[in-house]
Novice: 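This is the structure I have questions about; it appears just below.
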Amino acid sequence: MNSITVSQKMSYNNIRLIQGVLRMIYKELGRTGEKIPALGLGTWGIGGFETPDYSKDEEMVELLKTAIKMGYTHIDTAEYYGGGHTEELIGRAIKEFKREDLFIVSKVWPTHLRRDDLLRSLENTLKRLDTDYVDLYLIHWPNPEVPLEETLSAMAEGVRQGLIRYIGVSNFDRRLLEEAINKSEEPIVCDQVKYNIEDREPEKDGLLEFCQKNGITLVAYSPLRRTLLSEKVKTALENVAKNHNATVFQIMLAWLLAKPGVVAIPKAGRVEHLRENLEATKINLTEEEVKLLDSLA
Ligand SMILES: NC(=O)c1ccc[n+]([C@@H]2O[C@H](COP(=O)([O-])OP(=O)(O)OC[C@H]3O[C@@H](n4cnc5c(N)ncnc54)[C@H](OP(=O)(O)O)[C@@H]3O)[C@@H](O)[C@H]2O)c1
């Protein structure tokens with residue numbers, strides 16, 4: 001396996017050339033000095049949810065390749081997704097791209113947080129992705145039955161072995177994130193949590209503010225919420241959307257991207273959605289619009 005160094009920087013030049021008029025925007029990951037696409041590609045459901053779905057493999061590989069060509073070079077996945085099959089499909093899709101142009105995130109499931117289990121999970125993830133390293137490796141959910149020190153130290157081992165570039169957590173509340181930061185040998189660069197126009201827990205428990213003050217990237221999952229919006233929120237979004245000749249979904253993303261230190265990872269299973277979401281990066285909400293959307297909590 002080739003080892004990698006922390007100073008390795010991604011060159012997005014080739015990808016940028018094929019993006020055309022649709023421009024991805026970039027934000028710094030934690031305090032690493034490295035910029036990553038502020039819109040990542042969610043993959044929960046590509047190749048299955050809890051179990052593998054092999055029925056649309058060719059279509060999904062093509063979709064992933066199209067997404068990468070459009071600028072979705074930041075790809076979010078997990079060993080859990082599709083029972084591992086999602087990682088296999090990503091592995092097939094990334095073959096024709098330069099590995100250093102991609103930023104691949106995967107996550108270890110909470111039943112695999114003991115040292116040996118984690119290192120085995122990591123090895124299996126790398127095999128399925130058919131790559132030598134992941135750019136970012138996250139604890140998918142906390143598990144109070146496994147000492148956090150043990151998990152974090154196994155992740156640091158993965159970094160030392162050149163198998164992981166950066167580490168982070170997911171679904172950690174503010175208190176647990178602070179605990180992880182204090183116990184980790186390697187910097188924790190992000191916390192991936194549910195955050196969207198209706199689900200405001202990261203604001204309520206002070207997680208967002210903590211992340212912004214301490215240079216931890218907040219990765220917003222389910223940014224489009226998947227489930228129905230309340231009437232009040234829907235109406236407000238529709239009004240703002242009219243001002244920008246945009247869709248409600250684009251405004252949901254633009255609102256998140258307007259926040260310092262926040263990136264979002266919408267899942268899109270169709271090219272129209274990929275394009276629409278990417279176009280949201282061009283929307284500049286006014287201060288008043290942001291205030292209005294903020295106040296919907
Ligand atoms: N860390 C965690 O515990 C955790 C938990 C949940 C999710 N995640 C990650 O976050 C990603 C995103 O979250 P999510 O998948 O729960 O939900 P989401 O991205 O908020 O919503 C995905 C849904 O929105 C639809 N959609 C996408 N773009 C659209 C558009 N422009 N207009 C209308 N509908 C659109 C998709 O439909 P189509 O598929 O038809 O395009 C899909 O049904 C996941 O895929 C996963 O990578 C992490």
Side-chain angles (χ1 to χ4, degrees), residues 22 36-50 53 56 59-60 62-64 66-67 70 72 74-82 84-87 89-90 103-113 125 129 134-143 167-173 176-177 190-199 201-202 207 217-229 233-234 237-238 241 244 246-257 262-283:
L22 290 172
I36 61 165
L39 266 195
L41 182 66
T43 62
W44 170 233
I46 292 183
F49 287 94
E50 282 89 5
D53 173 0
K56 294 189 199 141
E59 189 188 326
M60 289 300 120
E62 281 314 307
L63 181 89
L64 289 164
T66 304
M70 286 169 78
Y72 287 97
H74 163 192
I75 301 170
D76 180 80
T77 191
E79 63 169 339
Y80 185 69
Y81 296 177
H85 190 48
T86 308
E87 289 180 331
L89 293 177
I90 295 168
F103 190 87
I104 299 180
V105 186
S106 194
K107 318 183 193 81
V108 56
W109 194 241
T111 50
H112 300 154
L113 298 186
T125 278
L129 288 168
V134 281
D135 294 277
L136 177 59
Y137 201 48
L138 310 180
I139 302 175
H140 204 147
W141 288 88
N143 177 353
I167 66 167
V169 296
S170 175
N171 296 302
F172 276 39
D173 63 15
L176 204 51
L177 173 62
C190 78
D191 194 354
Q192 183 181 124
V193 291
K194 188 192 269 191
Y195 185 35
N196 61 52
I197 196 90
E198 291 247 16
D199 296 296
E201 201 46 41
L207 178 74
T217 299
L218 191 144
V219 182
Y221 77 67
S222 302
L224 303 174
R225 198 157 193 261
R226 277 196 184 254
T227 47
L228 283 182
L229 297 166
V233 169
K234 198 166 155 269
L237 283 170
E238 280 167 356
H244 295 272
T247 68
V248 159
F249 298 96
Q250 288 175 317
I251 300 301
M252 288 172 85
L253 293 175
W255 172 75
L256 284 170
L257 296 182
V262 175
V263 303
I265 48 169
K267 181 259 172 185
R270 313 176 204 183
V271 178
E272 312 88 82
H273 287 168
L274 286 171
R275 191 172 293 278
E276 183 176 321
N277 297 344
L278 190 48
E279 276 172 357
T281 60
K282 289 195 292 201
I283 299 172

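Ligands are counted one by one from 1 in listed order, and the atoms in each one are counted from 1 as well. Every heavy atom of this structure was used, including side-chain atoms; hydrogens, water molecules and symmetry mates were not.
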Novice: Any carboxylate oxygen within less than 4.0 angstrom of a Lys/Arg side-chain nitrogen, looking at R275 and E279?
Specialist: no

Novice: Tell me yes or no: between the side chains of T125 and E87, is some donor less than 3.5 Å from an acceptor?
Specialist: yes

Novice: Are S222 and D199 close enough that some pair of their side-chain heavy atoms sits under 4.5 Å apart?
Specialist: no

Novice: Parallel, tilted or perpendicular, judged at 30° and 60°: which one describes the rings of H140 and Y80?
Specialist: perpendicular

Novice: Could you go through ligand 1 and note, for every N or O atom, any protein N or O atom closer than 3.5 angstrom, writing the atom names and distance to 0.1 Å, or 'none'?
Specialist:
{"from": "ligand 1", "atom 1": "1 (N)", "to": "S170", "atom 2": "OG", "distance (Å)": "2.9"}
{"from": "ligand 1", "atom 1": "1 (N)", "to": "Q192", "atom 2": "OE1", "distance (Å)": "2.9"}
{"from": "ligand 1", "atom 1": "3 (O)", "to": "H140", "atom 2": "NE2", "distance (Å)": "3.4"}
{"from": "ligand 1", "atom 1": "3 (O)", "to": "N171", "atom 2": "ND2", "distance (Å)": "2.8"}
{"from": "ligand 1", "atom 1": "8 (N)", "to": "Y81", "atom 2": "OH", "distance (Å)": "3.4"}
{"from": "ligand 1", "atom 1": "13 (O)", "to": "S222", "atom 2": "N", "distance (Å)": "3.0"}
{"from": "ligand 1", "atom 1": "15 (O)", "to": "R226", "atom 2": "NE", "distance (Å)": "3.1"}
{"from": "ligand 1", "atom 1": "15 (O)", "to": "R226", "atom 2": "NH2", "distance (Å)": "2.9"}
{"from": "ligand 1", "atom 1": "16 (O)", "to": "S222", "atom 2": "OG", "distance (Å)": "2.8"}
{"from": "ligand 1", "atom 1": "16 (O)", "to": "R226", "atom 2": "NE", "distance (Å)": "3.1"}
{"from": "ligand 1", "atom 1": "17 (O)", "to": "R226", "atom 2": "NE", "distance (Å)": "3.3"}
{"from": "ligand 1", "atom 1": "19 (O)", "to": "K267", "atom 2": "N", "distance (Å)": "2.8"}
{"from": "ligand 1", "atom 1": "20 (O)", "to": "P223", "atom 2": "N", "distance (Å)": "3.2"}
{"from": "ligand 1", "atom 1": "20 (O)", "to": "L224", "atom 2": "N", "distance (Å)": "2.7"}
{"from": "ligand 1", "atom 1": "20 (O)", "to": "R225", "atom 2": "N", "distance (Å)": "3.2"}
{"from": "ligand 1", "atom 1": "28 (N)", "to": "N277", "atom 2": "ND2", "distance (Å)": "3.1"}
{"from": "ligand 1", "atom 1": "31 (N)", "to": "E276", "atom 2": "OE2", "distance (Å)": "3.2"}
{"from": "ligand 1", "atom 1": "31 (N)", "to": "N277", "atom 2": "OD1", "distance (Å)": "2.9"}
{"from": "ligand 1", "atom 1": "39 (O)", "to": "K267", "atom 2": "NZ", "distance (Å)": "2.6"}
{"from": "ligand 1", "atom 1": "39 (O)", "to": "G269", "atom 2": "N", "distance (Å)": "3.0"}
{"from": "ligand 1", "atom 1": "40 (O)", "to": "R270", "atom 2": "NE", "distance (Å)": "3.2"}
{"from": "ligand 1", "atom 1": "41 (O)", "to": "G269", "atom 2": "N", "distance (Å)": "2.7"}
{"from": "ligand 1", "atom 1": "41 (O)", "to": "H273", "atom 2": "ND1", "distance (Å)": "2.5"}
{"from": "ligand 1", "atom 1": "45 (O)", "to": "T43", "atom 2": "N", "distance (Å)": "3.2"}
{"from": "ligand 1", "atom 1": "45 (O)", "to": "W44", "atom 2": "N", "distance (Å)": "2.9"}
{"from": "ligand 1", "atom 1": "47 (O)", "to": "T43", "atom 2": "N", "distance (Å)": "3.2"}
{"from": "ligand 1", "atom 1": "47 (O)", "to": "D76", "atom 2": "OD2", "distance (Å)": "2.7"}

Novice: If we check side-chain contact (heavy atoms from CB on, under 4.5 Å) with L207, which of these qualifies: L176, D173, D191?
Specialist: D191

Novice: If only atom types and distance count, is the side chain of R225 paired as donor or acceptor with the main-chain N or O of L228 below 3.5 Å?
Specialist: yes

